[in-house]
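The structure under discussion appears below in the form of structure tokens.
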2 protein chains.
Amino acid sequence: MGRRDECCDMRGMLSFLILFLLSKKAMHGQEIAEELEQRKGIRPSPGTIYPALKALKEAGFIREQKQGKTILYRLTPQGERALKASKERFCKMFVGVYS
Amino acid sequence: MGRRDECCDMRGMLSFLILFLLSKKAMHGQEIAEELEQRKGIRPSPGTIYPALKALKEAGFIREQKQGKTILYRLTPQGERALKASKERFCKMFVGVYS
DNA sequence: ATATACTTATCGGGCATCCGATAAGAAGGC
DNA sequence: GCCTTCTTATCGGATGCCCGATAAGTATAT
């Protein structure tokens, strides 16, 4: 059950968060990692972020766009639909949690 | 990655949700399962809910109170602290997700 | 007491997530 | 070319969440 004052580690939300972040603007991997660091407190390792991106790509939710040294990830229309659906589930699930 | 329009299964939030529900009012197991069913769409099986309750109890976050046939679960002060901390992490993590 | 119905509990296993370490690729400086 | 630096990618492994099936406990009814 993790550290002393934690009831869960909130796994299983990474893809959702990534999709959400990419819906705000297209980003490359390190940018996503940085944003996640601000939100979660710890920076996800490359072994976390890139497999997640790969899975999202294979699901057709994001696509890549080479940009010099880096790769820009952005949502596909299908990814937007998936985010919309997941967001609804999320909101229904956590009604009232926001203080 | 689950069904077609899903980016993640939102696992890893069960303990958090249970703690949150119990902060509203003390409940017994089936009541919790029922509430979770409304929020998630599917009813968690006994094999899901009771191990979770057990872990929360062993962590000192909830305590039991026999009530005839059923057991009433309620938060401990430590559980309230844990919920508060987790809630803060949760809110920081998902700022802006609520449409 | 026996049966029934309901709640609570346990066990084994599957599966996705996540991490650390390591490698591969790409650009720029010398 | 070669070295450095940064980004991207892969692999093995560990964790832990969750489920289905099954068992155990408890009260009520007949």
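A, B, ... follow the sequence lines: proteins, then strands. Residue 1 opens every chain. Computed over heavy atoms, backbone and side chain alike; hydrogens, waters and symmetry mates excluded. The structure displayed is predicted, hence computed values, not measured ones.
- Side chain A:R11 to base D:dT15: a donor-acceptor pair is found below 3.5 Å.
- The CZ atom of B:F16 sits 19 Å away from the P atom of D:dG16 (whole-angstrom rounding).
- Contact annotation: B:K66 does not reach the phosphate of C:dT8 (side-chain N/O to OP1 or OP2, under 4.0 Å).
- Annotation: side chain of A:L17 is in contact with side chain of B:F94 (closest heavy-atom distance under 4.5 Å).
- A straight line from CD1 of A:I18 to P of C:dA16 spans 17 Å, rounded to a whole angstrom.
- Protein atom CD of B:E64 is 12 Å distant from nucleotide atom P of D:dT26, rounded to whole Å.
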For the pair B:E31 and B:K25, evaluate side chain to side chain contact (heavy atoms under 4.5 Å, CB included) and give the outcome as yes or no after the intermediate values. CA-CA 11 Å; B:E31 219 174 338; B:K25 75 170 199 243; 3.0 Å; yes
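- Between the CZ atom of B:R63 and the C1' atom of C:dT8 there is a distance of 19 Å, rounded to whole Å.
- Cluster membership for B:I32 and A:V95, using ILVMFWY side-chain heavy atoms within less than 4.5 angstrom, is not shared.
- In this structure, CD of A:E34 is placed 9 Å from P of D:dT7, rounded to the nearest angstrom.
- A:G29 comes within 4.0 angstrom of sugar-phosphate atoms only, judged by non-hydrogen atoms across all strands, and of no base.
- The side chain of A:T48 lies closest to C:dC19, out of C:dA9, D:dA9, C:dC19.
- Close to C:dG25, at under 4.0 Å from its OP1 or OP2, lies no side-chain N or O of A:K69.
- Shown here are the salt bridge (Lys or Arg N to Asp or Glu O under 4.0 Å) partners of B:R74, two or more places apart in sequence or in another chain: there are none.
- Nearest nucleotide to the side chain of B:H28, out of C:dT17, D:dT8, C:dT8: C:dT8.
- B:S45 comes within contact range of at least one nucleobase, with a heavy-atom separation under 4.0 Å.
- Checking the phosphate oxygens (OP1, OP2) of C:dA23, no side-chain nitrogen or oxygen of A:Y50 falls inside 4.0 Å.
- Taking atom CG of residue A:L36 and atom P of nucleotide C:dC18, one finds them 10 Å apart after rounding to whole Å.
- Residue-to-nucleotide proximity on DNA chain C shows that, of A:K40 and B:I71, the 5′-proximal contact is made by B:I71.
- Listed nucleotides D:dA9, D:dT8, D:dT10 differ in distance to A:T70; the shortest reach to its side chain belongs to D:dT8.
- By the 4.0 Å N-to-carboxylate-O rule, A:E88 lies close enough to A:K84 to be salt-bridged with it.
- Taking atom CD on B:Q67 and atom C1' on D:dA27, their separation rounds to 14 Å, with Å as the unit.
- An OP1 or OP2 oxygen of D:dT7 is reached within less than 4.0 angstrom by no side-chain nitrogen or oxygen of A:Y73.
- Nearer the 5' end of DNA chain C, as judged by each residue's closest nucleotide, is the contact made by A:R43, out of A:G68 and A:R43.
- Atom CD1 in B:I49 sits roughly 19 Å away from atom P in C:dC11 (whole-Å rounding).
- Using a 4.0 Å heavy-atom distance criterion, B:G47 is classed as a base contact.
- The ring pair (Phe, Tyr, Trp, His ring centres under 6.0 Å) pairs that include a residue from residues 9-37 of chain B are B:F16-B:F90, where partners are two or more places apart or lie in different chains.
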